[in-house]
Amino acid sequence: MITALPSIRDYEPIVGKDCIDELFYLAGRIQRRKIQHINSTPVGGGVAEILARMVPLIRELDLDASWDVIKGGDDFFAVTKEFHNALHGKTQLITEEMYDIYEHYTNLNLELTPLIGDVIFVHDPQPAGLIKAKLRDEDHRYWIWRCHIDVSNPDRQVWRFLKKYVERYDSAIFSMPSFAQVLSIPQFLIAPSIDPLSKKNIELSQEEIQGVLERFQIDPELPIVTQISRFDRFKDPIGVIEAYKIVSRHIDCQLVLAGGGASDDPEGAEVLSEVKAKSEGDKNIHIIELAPNSDFEINALQRASTVIIQKSLKEGFGLTVTEALWKGKPVVAGAAGGIVTQIENKITGMLVSSVEGAAYKIEYLLNNPDFAEQLGENGRQHVLHNFLITRHVRDHLLLLLYLDHLNETVVKI
Ligand code: UDP
């Protein structure tokens, strides 16, 4: 699951030596040194993406970080996907049987998952029930529920069910203020990040990019509009096709919709077949089914694109937007979830809330390459200062330090 990494010092040319020195300084002062992360999928989606980079970096700072993935059958992931949709505010029919399935797998995972951390980060709703293992008063471990999704307007029934677990944690982390909830436990705000040195984000040569275009039979001479996403209704791939069809009446261009599945997302196949049906007959629409770990291909497709679209209707943070901005690309994205902290409209990208709006803004960017370039440059600077993994690691270290000094009013480190 964890691949060989560049050294943490390799980040110095990007973020500066002081930034990396500070990470070592902070890490050296942390007392709870066994950090465990638990989530529900080893690949696919933003959480796995972050953990694959964060865990090895924290280890390099000499902290004992580990990552475990819970187990679940198709029935479990079907239920948690319904929960996920409901927590994002979609009306879902949730039955008693679904809660029973969740409890069944929670109990199974309590037996299967070694709980070894001094600090245990449990990511998102799927493994949240593991908090049952917390022994009320005599538990010296510190349990944190890390919520990556937008629960600002959840289905009340599902949130009530989840909240009874969440409030047993010692604290919770949300990605942005509007995601936070009224809870009886302390809450922290930590924005996600991308790794500029990962295979997905590192600079590529023109030959490497061309090679990927050839492999997927994409014309390098024709403007390319791309959305990289799991095939998920909240990512609105159908809306993307509709927007492209409006644009293509006036401008000759291609649409690339590329994505794979995540093992905790059973809806993907159904959405993919709807997408294929909708795009039938247009040779300029490329539907690309990505295998897991297609980081190089995603990097090349993003870099080859004239415009990146991420027309999400609901979104957690939207790492695909961060990745595109980092590559200096003009991005057109749904004004949803964490996307609005990344894109300041007409400054670091374009925000949209309809098919027509998306079409208009794609067309505008294709017709105004200088403006598009300026947006891309602004976007890259915004990511450099706010959404790189080094900042994310620092936030985690500061949180861990805070835990060592819970009852002190003045903390000297
Ligand atoms: N991703 C991927 N393969 C895919 C689709 C997406 O590796 O087929 C990556 C994408 O590049 C990004 C992450 O998964 O790094 C998706 O994170 P995001 O926050 O955009 O959405 P999520 O899938 O978590 O809702």
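This one's a predicted model, so the numbers in the text were calculated from it and none came from an experiment. Read the numbers this way: they start at 1 and go in the same order the structure lists the ligands and their atoms.
- If you check each of Ile288, Ile298, Ile50 against atom 2 (C) of ligand 1, the one with the closest non-hydrogen atom is Ile298.
- Nearest-residue assignment for atom 6 (C) of ligand 1 (options Ile228, Ile149, Ile194; heavy-atom criterion): Ile228.
- Nearest-heavy-atom check against atom 1 (N) of ligand 1 across Arg230, Lys200, Glu297, Glu323 picks out Lys200.
- Close approach to Glu49 involves these atoms of ligand 1, each under 4.0 Å from a residue heavy atom: 15 (O).
- Side-chain rings of Phe83 and Phe76 stay apart, their centers remaining 6.0 Å or farther from each other.
- Taking the ring axis of Phe387 as reference, the NZ or CZ atom of Arg391 does not stay both within 45° of it and closer than 6.0 Å to the ring centre.
- Nearest residue to atom 18 (P) of ligand 1 from Leu319, Leu290, Asp232 is Leu319 (criterion: closest heavy atom).
- Residue Phe296 forms a side chain to side chain contact (heavy atoms under 4.5 Å, CB included) with just one option from Val212, Leu301, Ile202, and that option is Val212.
- Contact between Gly318 and ligand 1 is present, with at least one heavy atom of the residue lying under 4.0 Å from the ligand.
- A centroid separation of 6.0 Å or more is found between the aromatic rings of Phe174 and Phe188.
- Aromatic pair His88/Phe234: centroids less than 6.0 angstrom apart.
- Heavy-atom proximity to atom 8 (O) of ligand 1, evaluated over Ala258, Gly316, Gly260, is greatest for Gly260.
- The closest non-hydrogen atom to atom 16 (C) of ligand 1, taken over Gly46, Ala48, Ser229, Ala324, comes from Gly46.
- The shortest N/O to N/O separation between Gln302 and ligand 1 does not fall below 3.5 Å.
- Remark: of the listed residues Leu108, Ile38, Val122, Ile38 is the sole one forming a side chain to side chain contact (heavy atoms under 4.5 Å, CB included) with Thr113.
- Checked against a 3.5 angstrom limit, the closest N/O atoms of Asp295 and ligand 1 fall outside it.
- Ring centers of Phe179 and His148: at least 6.0 Å apart, outside the cut-off.
- Residue Lys235 touches ligand 1 through its side chain alone, judged by heavy-atom distances below 4.0 Å.
- The shortest non-hydrogen separation linking Arg32 to Ile35 is O-CD1, 3.5 Å.
- Ligand-side atoms of ligand 1 in range of Gly259: 8 (O), range being under 4.0 angstrom from any heavy atom.
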